[in-house]
Amino acid sequence: GDSVTQMEGPVTLSEEAFLTINCTYTATGYPSLFWYVQYPGEGLQLLLKATKADDKGSNKGFEATYRKETTSFHLEKGSVQVSDSAVYFCALSRSYGQNFVFGPGTRLSVLP
Amino acid sequence: SQTIHQWPATLVQPVGSPLSLECTVEGTSNPNLYWYRQAAGRGLQLLFYSVGIGQISSEVPQNLSASRPQDRQFILSSKKLLLSDSGFYLCAWSLGQGLNSPLHFGNGTRLTVT
(Lines give C-alpha, C1' and ligand atoms only; values in the text may rest on other atoms or scores of the structure.)
Protein backbone atom coordinates (compact mmCIF):
# COMPACT_ATOMS: atom_id res chain seq x y z
CA GLY A 1 0.00 0.00 0.00
CA ASP A 2 0.86 3.66 -0.06
CA SER A 3 3.37 4.87 2.52
CA VAL A 4 5.47 7.86 3.56
CA THR A 5 8.91 7.59 5.14
CA GLN A 6 10.61 10.43 6.97
CA MET A 7 14.07 10.74 8.45
CA GLU A 8 14.36 9.80 12.08
CA GLY A 9 14.42 12.61 14.58
CA PRO A 10 14.88 14.50 16.67
CA VAL A 11 16.82 17.00 14.64
CA THR A 12 18.67 19.65 16.62
CA LEU A 13 20.12 22.69 14.89
CA SER A 14 21.54 26.04 15.84
CA GLU A 15 19.73 29.18 14.79
CA GLU A 16 20.48 30.23 11.19
CA ALA A 17 21.57 26.71 10.21
CA PHE A 18 20.38 25.03 7.00
CA LEU A 19 17.55 22.53 7.40
CA THR A 20 16.76 19.43 5.38
CA ILE A 21 14.14 16.89 6.42
CA ASN A 22 13.99 13.95 4.05
CA CYS A 23 10.72 12.46 2.87
CA THR A 24 10.16 9.64 0.41
CA TYR A 25 6.91 8.03 -0.59
CA THR A 26 5.46 4.92 -2.17
CA ALA A 27 2.19 5.35 -4.00
CA THR A 28 0.23 4.18 -6.97
CA GLY A 29 -0.81 6.81 -9.44
CA TYR A 30 0.11 10.44 -8.97
CA PRO A 31 -0.46 11.60 -5.41
CA SER A 32 -0.39 15.15 -4.13
CA LEU A 33 2.27 15.81 -1.52
CA PHE A 34 2.15 17.97 1.59
CA TRP A 35 4.21 19.17 4.51
CA TYR A 36 2.45 19.94 7.78
CA VAL A 37 3.84 21.55 10.93
CA GLN A 38 2.62 20.92 14.47
CA TYR A 39 3.57 23.28 17.28
CA PRO A 40 3.32 22.00 20.87
CA GLY A 41 -0.26 21.43 22.00
CA GLU A 42 -1.76 22.43 18.66
CA GLY A 43 -3.26 20.80 15.61
CA LEU A 44 -1.41 20.37 12.33
CA GLN A 45 -1.06 23.33 9.99
CA LEU A 46 -0.50 23.03 6.28
CA LEU A 47 2.98 24.34 5.51
CA LEU A 48 3.19 23.75 1.76
CA LYS A 49 1.99 21.43 -0.98
CA ALA A 50 2.80 20.21 -4.50
CA THR A 51 0.36 18.52 -6.81
CA LYS A 52 2.46 17.26 -9.73
CA ALA A 53 5.99 16.30 -10.65
CA ASP A 54 8.59 19.10 -10.50
CA ASP A 55 6.21 21.43 -8.63
CA LYS A 56 7.89 23.41 -5.87
CA GLY A 57 5.86 24.30 -2.82
CA SER A 58 7.06 27.17 -0.65
CA ASN A 59 5.92 29.07 2.42
CA LYS A 60 7.57 31.00 5.27
CA GLY A 61 11.03 30.31 3.84
CA PHE A 62 10.43 26.55 3.59
CA GLU A 63 10.60 24.79 0.23
CA ALA A 64 10.02 21.29 -1.11
CA THR A 65 10.14 19.96 -4.68
CA TYR A 66 8.05 17.03 -5.94
CA ARG A 67 10.61 14.62 -7.42
CA LYS A 68 8.81 11.76 -9.13
CA GLU A 69 11.98 10.09 -10.35
CA THR A 70 13.25 9.68 -6.79
CA THR A 71 9.75 9.63 -5.17
CA SER A 72 10.89 12.31 -2.75
CA PHE A 73 9.61 15.56 -1.27
CA HIS A 74 12.40 16.84 0.97
CA LEU A 75 11.73 19.90 3.12
CA GLU A 76 14.40 22.64 3.19
CA LYS A 77 14.95 26.00 4.79
CA GLY A 78 18.03 28.13 4.37
CA SER A 79 18.13 29.66 7.86
CA VAL A 80 16.07 28.24 10.70
CA GLN A 81 14.81 30.22 13.67
CA VAL A 82 14.01 29.18 17.22
CA SER A 83 10.33 29.65 16.35
CA ASP A 84 10.62 26.85 13.75
CA SER A 85 10.93 24.29 16.55
CA ALA A 86 8.03 21.91 15.97
CA VAL A 87 7.14 18.50 14.56
CA TYR A 88 7.03 18.26 10.78
CA PHE A 89 4.89 15.71 8.93
CA CYS A 90 5.17 14.70 5.32
CA ALA A 91 1.94 13.41 3.76
CA LEU A 92 0.39 12.30 0.51
CA SER A 93 -3.20 12.14 -0.65
CA ARG A 94 -4.32 9.08 -2.54
CA SER A 95 -6.38 8.99 -5.67
CA TYR A 96 -9.23 7.13 -4.00
CA GLY A 97 -11.20 7.39 -0.80
CA GLN A 98 -10.00 10.93 -0.18
CA ASN A 99 -7.59 9.48 2.34
CA PHE A 100 -4.25 10.86 3.39
CA VAL A 101 -1.13 8.97 4.38
CA PHE A 102 1.19 10.62 6.90
CA GLY A 103 4.79 9.99 7.77
CA PRO A 104 5.71 9.47 11.44
CA GLY A 105 6.81 13.07 11.92
CA THR A 106 10.23 14.61 12.56
CA ARG A 107 10.79 16.71 15.65
CA LEU A 108 12.96 19.77 15.05
CA SER A 109 14.59 21.71 17.88
CA VAL A 110 16.36 24.97 17.05
CA LEU A 111 18.71 26.31 19.71
CA PRO A 112 19.55 30.01 20.08
CA SER B 1 -13.08 31.67 4.64
CA GLN B 2 -13.39 28.22 6.10
CA THR B 3 -12.94 27.50 9.78
CA ILE B 4 -13.04 24.36 11.87
CA HIS B 5 -14.06 24.25 15.51
CA GLN B 6 -13.30 21.39 17.83
CA TRP B 7 -14.20 21.10 21.50
CA PRO B 8 -13.47 20.66 24.26
CA ALA B 9 -9.77 21.48 24.19
CA THR B 10 -8.98 19.21 27.13
CA LEU B 11 -10.93 16.47 28.83
CA VAL B 12 -10.27 14.17 31.77
CA GLN B 13 -12.61 11.21 32.02
CA PRO B 14 -12.67 8.08 34.21
CA VAL B 15 -12.44 4.62 32.73
CA GLY B 16 -15.86 3.33 31.74
CA SER B 17 -17.42 6.75 31.24
CA PRO B 18 -18.92 7.87 27.91
CA LEU B 19 -17.30 10.26 25.48
CA SER B 20 -18.56 12.81 23.01
CA LEU B 21 -16.25 15.08 21.03
CA GLU B 22 -17.72 17.49 18.54
CA CYS B 23 -16.34 19.13 15.44
CA THR B 24 -17.98 21.64 13.13
CA VAL B 25 -16.82 23.24 9.91
CA GLU B 26 -17.93 26.62 8.60
CA GLY B 27 -17.62 28.23 5.22
CA THR B 28 -17.81 25.18 2.97
CA SER B 29 -20.36 22.61 1.87
CA ASN B 30 -20.18 18.82 1.71
CA PRO B 31 -16.64 18.53 3.07
CA ASN B 32 -14.91 15.25 3.73
CA LEU B 33 -14.50 14.94 7.50
CA TYR B 34 -11.92 12.98 9.48
CA TRP B 35 -11.08 11.95 13.03
CA TYR B 36 -7.44 11.21 13.82
CA ARG B 37 -5.76 10.17 17.07
CA GLN B 38 -2.21 10.99 18.02
CA ALA B 39 -0.66 9.09 20.91
CA ALA B 40 2.01 10.89 22.92
CA GLY B 41 5.14 11.39 20.86
CA ARG B 42 3.78 9.40 17.95
CA GLY B 43 2.28 9.88 14.53
CA LEU B 44 -1.29 10.18 13.33
CA GLN B 45 -3.76 7.32 13.24
CA LEU B 46 -6.87 7.73 11.09
CA LEU B 47 -9.93 6.59 13.02
CA PHE B 48 -12.90 7.56 10.85
CA TYR B 49 -13.69 9.51 7.74
CA SER B 50 -16.92 10.62 6.14
CA VAL B 51 -17.75 11.74 2.61
CA GLY B 52 -21.35 12.73 3.40
CA ILE B 53 -24.16 12.82 5.94
CA GLY B 54 -24.62 9.42 7.55
CA GLN B 55 -21.65 7.93 5.66
CA ILE B 56 -18.90 6.78 8.02
CA SER B 57 -15.87 4.65 7.21
CA SER B 58 -13.91 3.12 10.06
CA GLU B 59 -10.22 2.49 9.65
CA VAL B 60 -9.53 0.56 12.84
CA PRO B 61 -11.70 -1.66 15.06
CA GLN B 62 -12.12 -0.17 18.53
CA ASN B 63 -14.68 0.95 21.05
CA LEU B 64 -15.05 4.35 19.40
CA SER B 65 -17.73 5.36 16.92
CA ALA B 66 -18.40 8.39 14.77
CA SER B 67 -21.52 10.05 13.44
CA ARG B 68 -22.28 12.82 11.00
CA PRO B 69 -25.77 14.09 11.75
CA GLN B 70 -25.36 17.25 9.66
CA ASP B 71 -23.28 18.17 6.64
CA ARG B 72 -20.66 20.05 8.62
CA GLN B 73 -20.84 18.29 11.98
CA PHE B 74 -18.76 15.29 12.97
CA ILE B 75 -19.00 13.61 16.37
CA LEU B 76 -16.68 11.07 17.98
CA SER B 77 -18.23 8.93 20.70
CA SER B 78 -17.62 6.07 23.04
CA LYS B 79 -19.99 4.29 25.39
CA LYS B 80 -17.22 3.18 27.76
CA LEU B 81 -13.74 4.66 27.69
CA LEU B 82 -10.61 2.57 28.11
CA LEU B 83 -7.25 3.73 29.44
CA SER B 84 -5.84 3.15 25.97
CA ASP B 85 -8.22 5.78 24.57
CA SER B 86 -6.06 8.54 26.04
CA GLY B 87 -4.49 10.72 23.38
CA PHE B 88 -4.77 13.82 21.26
CA TYR B 89 -7.82 13.74 18.98
CA LEU B 90 -7.83 15.81 15.85
CA CYS B 91 -10.73 16.60 13.56
CA ALA B 92 -10.00 17.62 10.00
CA TRP B 93 -11.77 18.44 6.75
CA SER B 94 -10.95 18.52 3.07
CA LEU B 95 -12.86 19.44 -0.06
CA GLY B 96 -14.82 16.56 -1.50
CA GLN B 97 -13.35 16.56 -4.99
CA GLY B 98 -9.88 16.24 -6.40
CA LEU B 99 -6.44 15.48 -5.12
CA ASN B 100 -5.35 19.05 -4.67
CA SER B 101 -7.35 19.75 -1.53
CA PRO B 102 -5.23 19.47 1.61
CA LEU B 103 -6.47 18.50 5.05
CA HIS B 104 -7.32 21.32 7.43
CA PHE B 105 -7.09 20.47 11.10
CA GLY B 106 -8.79 21.70 14.23
CA ASN B 107 -6.83 22.53 17.35
CA GLY B 108 -7.39 19.11 18.87
CA THR B 109 -8.77 17.66 22.08
CA ARG B 110 -6.39 16.30 24.71
CA LEU B 111 -8.18 13.34 26.30
CA THR B 112 -6.87 11.74 29.48
CA VAL B 113 -8.63 8.62 30.70
CA THR B 114 -7.90 7.96 34.38
**Message:** Take a 6.0 Å sphere around CD of A:E16 and say whether it holds more than 12 heavy atoms from other residues, nucleotides or ligands.
**Reply:** no
**Asked** For A:L46, is it the side chain, the backbone, both, or neither that has a heavy atom closer than 4.5 Å to a heavy atom of chain B?
**Response** side chain
**Message:** Do B:L83 and B:L47 sit in one hydrophobic cluster, given that two such residues count as connected whenever their side-chain heavy atoms are within less than 4.5 Å of each other, even indirectly?
**Reply:** yes
**Message:** Using the rule that Ile, Leu, Val, Met, Phe, Trp and Tyr join whenever any side-chain heavy atoms are under 4.5 Å apart, tell me whether B:Y89 and B:L81 fall into a single cluster.
**Reply:** yes
**Asked** For B:K79, does the NZ atom sit with more than 12 other heavy atoms under 6.0 Å from it, leaving out its own atoms?
**Response** no
**Asked** Do you know the tightest heavy-atom contact between B:S101 and A:F100?
**Response** O-CZ, 3.4 Å
**Request:** Work out which heavy atom in B:F88 is nearest to a heavy atom in A:G41; give both atom names and the distance.
**Result:** CZ-O, 4.0 Å
**Prompt:** Is B:Y49 reachable from A:V101 through a run of hydrophobic residues whose side-chain heavy atoms are each under 4.5 Å from the next?
**Reply:** no
**Asked** Tell me, side chain or backbone of A:Q38 under 4.5 Å from chain B's heavy atoms, or both, or neither?
**Response** side chain
**Prompt:** Can you tell which of B:L44, B:T10, B:L90 has the highest number of heavy-atom pairs within less than 4.5 Å of chain A?
**Reply:** B:L44
**Asked** Rounded to the nearest 0.5 Å, how far does CD of B:Q45 lie from CZ of A:F102?
**Response** 13.0 Å
**Request:** Please check if the side chain of A:Y36 supplies one atom and the backbone of B:L103 the other of a donor-acceptor pair under 3.5 Å.
**Result:** yes
**Asked** Given that the side chain runs from C-beta out, which part of B:Q6 has a heavy atom under 4.5 Å from chain A: side chain, backbone, both or neither?
**Response** neither
**Request:** Verify the cluster assignment for A:F73 and A:Y30: are they in a single hydrophobic cluster under the rule of side-chain heavy atoms below 4.5 Å apart?
**Result:** no
